[in-house]
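Numbering of ligands and ligand atoms starts at 1, following listing order.
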Amino acid sequence: MLEMSESENIHTNSNIITQEFIALEDFNATGAEQLSFTAGDTLLVHEQVCTDWWWAERSGCFGYVPSAFLHRGVEDVEDAWQDEEYFSTYGTLLHLEMLSDRPRTETYRQVIVSNSAALRGKVVMDLGCGTGIISLFCGRLAQPAAVYAVEASSVAEHTEKLVKLNRCEDVVTVFRSRAEDLMLPSKVDVLVSEWMGNCLLFEFMVESVLRVRDRWLKDGGMMWPSSASLSLVPCQAHADYSQKMEFWENLYGLDFSCLQPVAQEEFFSKPKFSHQLDPDDCLSTPCNVISLDMHTLSVSDLEKLSGEFRFTIERSGTLHGFTAWFSTFFHSLDEGGSSLELNTGPHAESTHWKQTLFMLDGPIGVEEGDCVGGAITLQRNPIWRRHMSITIEWRIKRRNDPTFCEEKTKRFPMWR
Ligand SMILES: N=C(N)NCC[C@H]1O[C@@H](n2cnc3c(N)ncnc32)[C@H](O)[C@@H]1O
């Protein structure tokens, strides 16, 4: 890596315009002339030497950087949060899908019912209330002093009517606003929200929940969900592999296999949402790879979350990939009361999220007793703030062949 003094003789070209770029992901230099950086770093590009490599500076150090890892500065991005598109999506009766999700909606109802006594006289905020069903549970199944039903999309117009129709207007007040922009009459005792996206974090509504917690939750107040975890399991996915990959090998007697690399890129380079994992396709006992405490988690923690895993294969089969899902936990307002759990995994009643499948670049036969270790990293997109990439690193060791060790890594954008 070159220091400031050495570099001035190499790239002094007065008509070069230095431009600021943001690093989309980590880059580890593989040569002295390259410059390492971390996702989110700001780099000054002094010369776009060629298409793929630019001459750049970070904190007084210079070197070549891969242009594919960089994006123009955030100020160039019109709408890093894509709020207009995001909230217009939720202004529709997309809420029917969420209301139809019985395990999800019933869990929140159970939380209110089992805490109804402790909620008496409390002030509750329902962040991102949608049609307001959680607020209506509070108004009808408990006796809080007030419920602030906060919703930024146009569905809030309907929420007002639903509050009146269900005779909750004395307790529930609807605020049509981004929660971050709220001015409230008081802090709240309970901040309840159904913020979870695919793979737990997609949409990153969780950032809004944390910012509102820091601004409006009383000291000692309750977050519902109180904690969340991401689980992972090595799995088979014969149907997906057959339908998207083997499909091309013999098409009406014709060989279309030259399209398989295209299919690999098109179907398996990104995660598959709403995957229904058959418990019999789990090759091991699932494990928690990431746990979030909603009372202490900070917004900066969201930039990069990672966890390690170590699976022992419990049944011989084909490792096609890994499947992820989340659980959320709701602590009781009563000291020592039991928590409630919403589990979106393959062994629980199916929810509208189902699970998320990460297909590897080729199936691998595994035997009982083999070991699959590694790590998963959720790297938030420094430009497109509702997006992230999930990188899975794994290594396979075979019980019957101590000389075998295959290590690979794959990065899945969700979606940018
Ligand atoms: N993945 C989810 N659970 N998404 C639920 C999102 C619901 O919360 C609403 N919402 C999301 N972020 C916000 C916010 N910062 N302020 C108010 N409402 C929000 C959104 O309009 C939709 O009704």
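When only modelled atom types and interatomic distance are considered, S67 and Q48 share no side-chain donor-acceptor pair under 3.5 Å. A donor-acceptor pair shorter than 3.5 Å cannot be found between the side chains of S36 and Q34. H387 and N381 share no side-chain donor-acceptor pair at under 3.5 Å. Q379 and S389 share no donor-acceptor pair across their side chains, judged by distance under 3.5 Å alone.
In summary, R386 and D83 engage in a salt bridge, as defined by a charged side-chain N under 4.0 Å from a carboxylate O.
For ligand 1, the protein residues placed under 4.0 Å by at least one non-hydrogen atom are Y86, F87, Y90, H95, G128, G130, E151, A152, S153, S177, R178, A179, E180, E194, W195, M196, G197, E203, M205, S208.
Evaluation of the ring pair (Phe, Tyr, Trp, His ring centres under 6.0 Å) test over residues 264-294, restricted to residues two or more places apart or in two chains, returns F202-F273, F273-W415.
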